[in-house]
Amino acid sequence: MAYSVLSDGTTKAKATAVADRARRDPMRWVVLAILILLLAFTLFPFFLALLNAVKASAEYAVGGPLSIPRSIDLTAIEKFWTVSDFSRKLLNSVVISLAVSVLGVLISLFNAYAIGVGKVPGSRVILVVFLLGIMVPQESIIYPLYYMAKASGLYDTQLSVIIIFAVLQSAFGTYLLSTVLSTFPKEILEAAEMDGSTHWKTLWFVVVPVLRPTLMVLGTFFFIWTWNEFLIPLVMLVSNNNQTVSVAMGLTRGQNMSDPVLQASAAFLGIIPTVIFFLIFQRTLTRGIAAGAVK
Amino acid sequence: MAISSQRSSDGSRSYSLYLIPGAIGFILIVLIPQLANLALSFTAWKGVGTPRPVGLQNYHRLLTDDQFWGSMYHTLLFIVSMTVIPVCIGLLLAALLFDYVRDQFGEWVSSFFRAGFYLPQILPVTVAGVLWGWILNPVGVINITLKAIGLDNLAQNWIGDATYALAAVSLVIVWIQVGYCLVVFMAGLSRIDPSLYEAAELDGANWWSRLVTITIPLLAPEIFVVVLTTLIAALKVFAPIFVITAGGPDNATLVPSYLTYYHFFTTQRVGYAAAIAVVQTTLTIALAVIFLRFQSQQEAKE
């Protein structure tokens, strides 16, 4: 007894000593300075875009990219907004991403319900096939999809992109949700069954309410992934009116590229929605990335 | 086991109804196109008319196509900028933020840095491309700045000169990728018992030896996963190339994905493009199988 008190005491004393030593470490400011420099390098492009997007072209010509704008001039932002029909692109991106996140979560939920709760035979194989299916490069399905879309009249419609991404992303969603659902408390399901609930009712009134936070995270992910997608929307959405923000940005190269302030404005407008999502969903995103990588 | 299989024998049929939408979608969007692409790779086709079967001719041509081999070689280099460098930087930063900054300056400062380094990762790649294209082009931010401080001879055509283009694109990719590695590693570190670090510190281990003897071994699962997922991503890299250099100059930044896209939609050599996609798919699946095996081993351990 005495010994344990003693050892406990010394550990504590030692721990405090370590903590004290750590607190007084003179290196800490050097480390912090290095980290701040690295972070400044990482964030500098964002800062530059902001700085120059609000600059008058004449001022850029004189002071270059690093000068602080003397007044806020939104001409270039307005110009890029009009030339690229940015409101239209934003609306397209929002519609497509929202539709994909709802549809994708729904498909994932159904699949995962059958696999995780229903323990459908062969579910392990189904999961692996789904996952392999989406890990392969999109180039390997793009031409047949392009051809099918043309044949079915879905080419250059947002519906084509919505269907494709809802299916592709539901593979990851199925994987994530079935691991969650396979540990769903049996007692609750059995109790529901005893009360005469059908599978359909159990799904909506028992499973979904419990899963709601996870479903929201998944939906957020689908939304942002779809927002950022490039190849498939590039191929499928050829007309200007249907394009997403991401595609419009990808096609900016070559157009308007002679005016550096206009370019900065383009980048700035592309960044804004992302930063807004980031501020709203920062925790969800950073946690979810990790959950996605290692279960 | 017996009980659950008994239970599922009457219930599983109605449960399997829930797989129908997902299965139809998968068959239409993934399986059929995948098989169609494989079939196309054995044909010559311009995208109109009927594909003409040519056996292994496309694959034969691949073997002697300098553009293809060049693109595969660039993939190897992009593995360095997409996997090797970001994983190393991510490890160092994660260990530093978790094991040092958090003790010295508190949780809030450490989370702040993590969020800051992560930001480029969620930007649409095309936006990152516009942003960096603007910085790297001949009259871009870097050259203007170099000239302003009198270093005119250091100014280069960063993305328009074959000597520098690959390095310039790699820099952008590293910039994008570090955040992903960092976030996964920090999440992994949060499950490590901090007393391990305290004990090591009492034994006089400095920060570097704590990194090598504690952090890296304990983060092995995360490192493995990040390495594989970024390798898979490196094989498929497309958007940064499309936006920043379009594979140029002189094919200096050409990658298989861009080559496939180019042949599908520009030269209309559909069969040949399909063959490149098949090679790429095969490599990706090989990596993906390793990945899935690893994940199921991890699950078995738990």
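We name chains A, B, ... by the order of the sequence lines, and we start the count at 1 in each one. In what follows, every heavy atom counts, from backbone to side chain, and hydrogens, waters and symmetry copies are set aside.
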Whether A/W200 and B/Y18 hold their rings parallel, tilted or perpendicular, with breakpoints at 30° and 60°: parallel
Geometric class of the B/F105/A/W29 ring pair [parallel <30°, tilted 30-60°, perpendicular >60°]: perpendicular
Give, as side chain, backbone, both or neither, the part of [X] having an atom under 4.5 angstrom from any heavy atom of chain B.
{"X": "A/I126", "result": "side chain"}
{"X": "A/L131", "result": "side chain"}
{"X": "A/L39", "result": "both"}
{"X": "A/V129", "result": "both"}
{"X": "A/L106", "result": "neither"}
{"X": "A/L127", "result": "neither"}
{"X": "A/Y60", "result": "side chain"}
{"X": "A/I141", "result": "both"}
{"X": "A/V128", "result": "both"}
{"X": "A/A264", "result": "both"}
{"X": "A/L234", "result": "side chain"}
{"X": "A/F41", "result": "both"}

Stepwise side chain to side chain contact (heavy atoms under 4.5 Å, CB included) check, A/L38 with B/F117: CA-CA 9 Å; A/L38 272 175; B/F117 288 121; 3.9 Å; yes
Under 4.5 Å, counting heavy-atom pairs only, tell me which of [options] racks up the most with chain B.
{"options": "A/V275, A/L203, A/I164", "result": "A/I164"}
{"options": "A/I36, A/I115, A/I224", "result": "A/I36"}
{"options": "A/N52, A/L32, A/L66, A/L109", "result": "A/L32"}
{"options": "A/I142, A/L35, A/L231, A/I271", "result": "A/L35"}
{"options": "A/S140, A/P144, A/P273", "result": "A/S140"}
{"options": "A/L48, A/I107, A/L168, A/I163", "result": "A/L48"}

From CA spacing to verdict: side chain to side chain contact (heavy atoms under 4.5 Å, CB included), A/L251, B/F242: CA-CA 9 Å; A/L251 298 175; B/F242 182 99; 4.2 Å; yes
With a 4.5 angstrom heavy-atom cut-off, could you sort out which part of [X] is near chain A: side chain, backbone, both or neither?
{"X": "B/A274", "value": "neither"}
{"X": "B/Y197", "value": "neither"}
{"X": "B/L93", "value": "side chain"}
{"X": "B/L97", "value": "side chain"}
{"X": "B/I232", "value": "side chain"}
{"X": "B/W175", "value": "side chain"}
{"X": "B/L123", "value": "both"}

side-chain contact (heavy atoms from CB on, under 4.5 Å) involving A/S246 - partner list, sequence neighbours excluded: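 side-chain contact (heavy atoms from CB on, under 4.5 Å) list for A/S246, sorted by chain: A/F230, A/T244, B/P124, B/T126.
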Specify the closest pair of heavy atoms between [X] and [Y], including all atoms of both residues, with the distance to one decimal.
{"X": "A/A266", "Y": "B/V130", "answer": "CB-CG1, 4.3 Å"}
{"X": "A/L43", "Y": "B/G116", "answer": "CD2-O, 3.6 Å"}
{"X": "A/A49", "Y": "B/L131", "answer": "CB-CD1, 3.6 Å"}
{"X": "B/P21", "Y": "A/F110", "answer": "CG-CD1, 3.9 Å"}
{"X": "A/P45", "Y": "B/W132", "answer": "CG-CZ2, 3.5 Å"}
{"X": "A/N111", "Y": "B/L19", "answer": "OD1-CD2, 3.5 Å"}

Does any part of the side chain of [Y], heavy atoms only, come nearer than 4.5 Å to the side chain of [X], both counted from C-beta?
{"X": "B/Y261", "Y": "A/V235", "result": "yes"}
{"X": "B/L119", "Y": "A/F46", "result": "yes"}
{"X": "A/V31", "Y": "B/L96", "result": "yes"}

Within 6.0 angstrom of B/Y262 OH, more than 12 heavy atoms from elsewhere: no
Crowding at CZ, B/R191 (>12 non-hydrogen neighbours, <6.0 Å):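 Atom CZ in B/R191 is packed in, count exceeds 12.
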Verdict with supporting geometry, A/R28 and B/Y100, side chain to side chain contact (heavy atoms under 4.5 Å, CB included): CA-CA 8 Å; A/R28 62 199 292 236; B/Y100 188 83; 3.6 Å; yes
As an exercise, state the distance from [atom1] of [X] to [atom2] of [Y], rounded to the nearest 0.5 Å.
{"X": "B/Q121", "Y": "A/N228", "atom1": "CD", "atom2": "CG", "answer": "9.5 Å"}
{"X": "B/W45", "Y": "A/Y143", "atom1": "CH2", "atom2": "OH", "answer": "5.0 Å"}
{"X": "B/L17", "Y": "A/Y113", "atom1": "CG", "atom2": "OH", "answer": "11.5 Å"}

Of all of [options], which one pairs up most often with chain A through heavy atoms under 4.5 Å apart?
{"options": "B/N37, B/T284, B/L40, B/V139", "result": "B/N37"}
{"options": "B/P33, B/S195, B/P256", "result": "B/P33"}
{"options": "B/L38, B/V125, B/V270, B/I285", "result": "B/V270"}
{"options": "B/V141, B/T260, B/V30", "result": "B/V141"}
{"options": "B/A148, B/A128, B/G47", "result": "B/G47"}

When the side chains of residues 132-139 of chain A are checked against the rest of the protein, which donor-acceptor pairs come out under 3.5 Å, sequence neighbours left out?
unit_1, atom_1, unit_2, atom_2, d
A/E139, OE1, B/S257, OG, 3.3
A/E139, OE2, B/S257, OG, 3.2

Check against side chain to side chain contact (heavy atoms under 4.5 Å, CB included), B/N137 and A/Q263: CA-CA 11 Å; B/N137 76 51; A/Q263 272 171 267; 3.6 Å; yes
Check: A/Y146 ring centroid to B/F265 ring centroid under 6.0 Å: yes
